Amino acid sequence: MKIIFAGTPEFARVALERLLAAGFEVPLVLSQPDRPAGRGMKLQASPVKQCALAHGLAVAQPRSLRLDGKYPEDAAAARLAIEAANADAMVVAAYGLILPQWVLDAPRLGCFNIHASLLPRWRGAAPIHRAIEAGDPHTGVTIMQMDAGLDTGDMLLVERLPIAADDSTGSLHDRLAVLGGRLMVEALEMAACGGLRPVPQPADGVTYAHKIEKAEAAINWALPAATIERRVRAFNPFPGAGTALAGEAIKVWRAHAEPDNPVAVNAGQVLSADPHGIRVATGDGVLVLDELQRAGGKRLPAADFLRGFALTPGQVLDAPAAA
């Protein structure tokens with residue numbers, strides 16, 4: 001079976017590697033244009049492009065696929081490449097561009113998407129982050145037949161995955177990426193012999209995983225400790241939950257909640273700071289900060305962090321916007 005692969009970040013690279021290992025022919029890979037990254041802000045190829053080039057695959061990087069859009073010349077060139085590939089199916093994983101109808105109709109079997117949630121829950125851009133933030137006990141991967149809507153297509157294969165109490169977006173992302181690659185191989189093998197049975201998504205239970213904004217990562221100490229703890233995990237590794245003391249920004253990478261509810265203290269007030277962690281009052285309960293980072297510094301366990309940053313009981317942590 002010949003497939004076109006469309007994807008950009010690490011999540012998609014894992015799937016591409018799995019498909020190549022399974023023996024699928026990939027005459028064309030689509031990925032987002034190179035972006036500035038790193039300290040020098042030099043143009044950097046996406047993980048998918050790097051993988052494709054390492055395997056000697058043809059790569060196209062249109063800025064848009066809309067023939068009537070802002071970059072019609074990019075879309076027209078992509079259309080020629082897609083038609084020349086003569087693929088049976090297109091696999092899409094975190095590509096980042098909207099697929100117009102002409103793309104959906106191009107492959108013989110259509111376009112299959114690897115979506116990191118149990119649809120229809122968490123349609124949209126950030127399903128892994130939002131599942132952790134909401135405290136969902138499970139998530140999973142849905143292989144979906146793409147249509148013109150936002151993650152509204154029929155479900156082809158679904159597999160659940162538990163969310164561990166200490167999962168961050170980073171750790172859950174890695175497990176879902178592996179699961180997504182395996183499920184897509186199964187889906188394509190079933191499609192080749194006509195074994196897939198599309199199932200429409202339920203009308204009930206639809207939620208949207210809106211894109212993560214950096215401003216969301218500012219810790220609001222008036223929230224319950226359990227809510228803040230989930231956000232710390234959800235925003236690890238990006239954008240990183242943050243607070244500040246006297247104008248200096250501090251990232252919080254790991255924390256855990258305690259049920260204690262101190263009386264007559266301000267939300268954000270430091271209750272204690274020792275090698276066992278930094279205990280901070282919240283709107284409901286106490287959050288213990290276990291791993292922190294100063295601006296320009298390294299991530300450090302609380303004990304090491306306190307050797308270079310004095311925190312004393314009674315000090316109050318702020319929102320990092322003041323930094």
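Each residue takes its place number in the sequence, starting with 1. No experiment lies behind these values; they were computed from the predicted model shown.
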Using a 4.5 Å cut-off on heavy atoms from C-beta on, say whether the side chain of [Y] contacts that of [X].
X	Y	value
Lys49	Gln61	yes
Ile4	Val29	no
Asn113	Tyr95	no
Val232	Glu229	no
Phe305	Ile250	yes
Glu216	Ile212	yes
Leu67	Arg79	yes
Thr282	Val286	no

Could you check whether [X] pairs with [Y] (Lys NZ or Arg NE/NH1/NH2 to Asp/Glu carboxylate O, under 4.0 Å)?
X	Y	result
Glu133	Arg231	yes
Glu73	Arg66	no
Asp274	Arg279	no
Asp88	Arg108	yes
Asp136	Arg121	yes

Next item on the list: Determine, stepwise, if the pair Met146 / Val92 fulfils side-chain contact (heavy atoms from CB on, under 4.5 Å).
Entry: CA-CA 9 Å; Met146 296 183 71; Val92 182; 3.6 Å; yes
Backbone N or O of [Y] within a donor-acceptor pair of the [X] side chain at under 3.5 Å?
X	Y	answer
Arg130	Lys211	yes
Gln315	Thr312	yes
Arg175	Pro162	yes
Gln32	Gly96	yes
Lys251	Pro239	yes
Thr142	Met144	no

Considering non-hydrogen atoms only, spot the tightest contact between [X] and [Y] and give its length.
X	Y	answer
Pro200	Met155	O-CE, 3.9 Å
Pro237	Gly170	CD-N, 3.6 Å
Leu30	Leu28	CD2-CD2, 4.1 Å
Gly283	Ala267	N-CB, 4.4 Å
Arg18	Val178	NH1-O, 4.4 Å
Pro33	Pro62	CD-O, 3.9 Å

Between [atom1] on residue [X] and [atom2] on residue [Y], distance to nearest 0.5 Å:
X	Y	atom1	atom2	answer
Leu16	Gln50	CG	CD	12.0 Å
Leu289	Ile228	CG	CD1	9.5 Å
Leu188	Phe112	CG	CZ	6.0 Å
Asp167	Thr139	CG	OG1	10.0 Å
Leu196	Glu189	CG	CD	10.5 Å
Leu176	Asp174	CG	CG	9.0 Å

Check: Do Arg299 and Trp253 meet the cation-pi criteria used here (NZ or CZ under 6.0 Å from the six-membered ring centre, within 45° of the axis)?
Finding: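 Checked: cation-pi criterion met.
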For [X] and [Y], does a side-chain donor sit closer than 3.5 Å to a side-chain acceptor?
X	Y	result
Ser31	Ser46	yes
Gln293	Lys298	no
Gln201	Arg123	yes
Trp122	Asp151	no
Asn236	Thr169	no

So if you build clusters from Ile, Leu, Val, Met, Phe, Trp, Tyr with side-chain heavy-atom gaps below 4.5 Å, do [X] and [Y] land together?
X	Y	answer
Leu223	Ile219	yes
Leu161	Ile163	yes
Ile128	Ile114	yes
Leu57	Phe5	yes
Met190	Phe24	yes

Note to self: One pair to check against side-chain contact (heavy atoms from CB on, under 4.5 Å): Asp154 and Val199. What are the steps and the verdict?
What the structure shows: CA-CA 5 Å; Asp154 289 347; Val199 177; over 6 Å; no
Checklist line | Leu53 atom CG: more than 12 heavy-atom contacts under 6.0 Å | finding: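 More than 12 heavy atoms, drawn from other residues, nucleotides or ligands, come within 6.0 Å of this atom.
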Margin query: Show, in sequence, the C-alpha distance, side-chain angles and deciding distance for Leu179 and Glu159, and conclude whether the side-chain contact (heavy atoms from CB on, under 4.5 Å) test is met.
Written below: CA-CA 8 Å; Leu179 175 58; Glu159 187 165 325; 3.6 Å; yes
Note to self: I'd like to know whether Asp34 forms a side chain to side chain donor-acceptor pair (under 3.5 Å) with Gln44, so could you lay out the CA-CA distance, the side-chain angles of the two residues, the decisive distance to 0.1 Å, and finally the verdict.
What the structure shows: CA-CA 5 Å; Asp34 297 357; Gln44 184 170 315; over 6 Å; no
Check: Can we call the ring centroids of His173 and Phe11 under 6.0 Å apart?
Finding: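 Aromatic pair counts; centres sit under 6.0 Å.
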Next item on the list: Take Asp147 and Thr152 through the side-chain contact (heavy atoms from CB on, under 4.5 Å) test and state the conclusion after the steps.
Entry: CA-CA 7 Å; Asp147 61 15; Thr152 55; 2.7 Å; yes
